[in-house]
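First up is the structure itself, then whatever we jot down about it.
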Amino acid sequence: MNTVLRIEDLHKSFKIGFIPKGKKILNGISLEVHGGEIFGYLGPNGAGKTSTLKCVLGLIFPDKGDIEIFGQSNLSVRAKEKIGFLPENPYFYDHLSATEFLSFYSDLTLVKKENKQAQIERLLQLVGLKQAAGLQLRKFSRGMLQRIGLAQALINDPSLVFLDEPLGGLDPLGRKEMRDVIVRLKEEGKTVFLSSHILQDIEMICDRVAILVEGQIINQGTLQDLISEKVTVTEITVSGIQIEDCEGLGEHYSAQGGRILLKVYEEEKIANVLQLVQDKKGEIHALIPRTETLEDIFMGAVKQR
Amino acid sequence: MKIRAIAFNTFKEAIRDRILYLLLFFAAVCIIFSRILALLTVGDRAKIITDVGLASLSLFGVLMAILIGTGLVYKEIDKRTIYTLLSKPIQRYQFLLGKYLGLLLTLFVMLVLMALIFLVLLLLYNYPVGGSFFIAILFIFLELCLITAVAMLFSCFSTPILSTLFSLSFYLIGHISWGLETLLNKIPQGGVKTLARFLYVFLPDLENFNFKTEVVHHLPIPPKIILFSTLYGLFYTVFILALAIIVFRRRDFI
């Protein structure tokens, strides 16, 4: 598999305070991102996700470590020609209109003059800002800034896109649209490096993930490797039976409208519950087998530290 | 090409900023005020108008250079626009030069506007305008090139308020440092003289760009002095720009 991004033993510390004291932010990060995948970079706030991205993009300089993008130094202009970046809570030149802004950024890349206008229109269409093309960015809402941010990240048709918390500040519909765009990027053959602390997003669309806690990667691999398919608990919502009848079947809670929520841990007891409901002429409203989620792994890992 | 794109964006940003028009308005007021001042004066009114007018041009040009120049890089870092800009395929020096040239373009346009107002006033009252008038304005622009570079250098590592103070100090020191030459002739040999000589060499001498006296009194400006002042301005500016690039090259944007 071809490696598009390789980070090896990355260290970074910042000096803070009046009498400068070093604080370690990144502590030996190593990872590889393969071509054509969506790579999730997970971690709680302050774990060092954005700092890693800034090192990769040459905004800060690591104390130690190597970073290669498409086999070239991350600081080279050649490497930067192939990447796009959407920062967290993006903010842009508010004196420019959406079209002027994209035109300015396109002049900084290799986009050919004759393709520029078409590319800008295509991107405005993609992120759903066609109506706001002439509006100054100072009048944009947060969600709109996120969208124009994505458009500028794609202006040079990059092969590798870095997205830092791309779903932050978006409403449910906006999140779905953003997810769809990210999946479409993958379908176009681009590689996406996605940093986030919203686990559901990552779980739904990522091929591989790395979990970062306190500047160290504590777990990485494909989602299948990290998450076992085994059912850990089955949640059954029933009605028409007494709560006393549920003793010994699992954890039980009263729910709204006389319903009972049962958490059954042993698989063989599911049949017992079904039998009980049939005997008492009750009703089953839901039966949901729960497998281990990324959140379980994540919480487990953070707690261990 | 990339430098040009950044320069034009900086220009656009500056001319859409209200502070520029405020300064331009006050400059116009000052230039016109010189005419009223001349009415109160006994003697050659043309001299007063030319002197006060050129001084206004220089002062407001410097204020524009410092007030916009000190925010030039800081604003990009503070508003985090620099994150996406530097992740594009550009080098850091290209960014800095683009910002610098963009502000120079702004200052040039503003200086031309101020000079036009001034010129109209002079022609309106049939005051003589010689070639030295344009040379004086050209050297005001050269001084602005240097001051802008200084403001940008400070803006690379300091806050706008501190940078403004530093740049204003540079401007003031630059206009009084010629006194050191007189001092050098007065004091005896020794440690103090060495220190004074050191300061004389390294402190900027912005009076090199001041040709107001020649314009006011219609004195000829020797070509040798023009050449010296031009080279002095160019070398000093390139030196300060190089320093700014070195400071900016290894800076972390946290």
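Labels below follow one simple rule: chain letters A, B, ... track the order of the sequence lines, proteins then strands, and each chain is numbered from 1. Scope of the values below: all heavy atoms of this structure, side chains included, with no hydrogens, waters or symmetry mates.
- Electrostatic pairing of A:R6 and A:E32 does not count as a salt bridge here, judged by no charged N lying under 4.0 Å from a carboxylate O.
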### Task
Decide yes or no on side-chain hydrogen bond (donor to acceptor under 3.5 Å, both in side chains) for B:K79 and A:Y93, but give the supporting numbers first.
CA-CA 9 Å; B:K79 291 196 164 179; A:Y93 302 93; over 6 Å; no

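- Remark: the A:S195 side chain and the A:D164 side chain contain an N/O donor-acceptor pair separated by less than 3.5 Å.
- Looking at B:L85, both its backbone and its side chain come within 4.5 Å of chain A, counting heavy atoms on both sides.
- Between the side chains of B:T81 and A:Y91, no donor-acceptor pair is found at a separation under 3.5 Å.
- For a residue to count as touching a neighbouring chain, one of its non-hydrogen atoms must lie under 4.5 Å from one of that chain's; by this rule B:E76 touches chain A with the side chain only.
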### Message
Walk me through whether A:K116 and A:D107 qualify under salt bridge (charged side-chain N to carboxylate O under 4.0 Å, His left out).
### Response
CA-CA 9 Å; A:K116 191 165 105 177; A:D107 288 343; 3.0 Å; yes

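- Both the sub-6.0 Å distance and the 45° axial angle are satisfied by B:R250 relative to the ring of A:F61.
- With a 4.5 Å cut-off on non-hydrogen atoms, A:I155 touches chain B through its side chain but not through its backbone.
- If you measure heavy-atom distances from A:F162 to chain B, you find no contacts under 4.5 Å at all.
- Heavy-atom distances place the backbone of A:E88, and not its side chain, under 4.5 Å from chain B.
- Interface check for chain B: of the options A:L59, A:L57, A:L96, the most heavy-atom pairs under 4.5 Å are formed by A:L59.
- Between chain A and the residues B:R92, B:R80, B:E13, the largest count of heavy-atom pairs under 4.5 Å involves B:E13.
- The residue among B:K12, B:M1, B:R4 with the most heavy atom pairs within less than 4.5 Å of chain A is B:K12.
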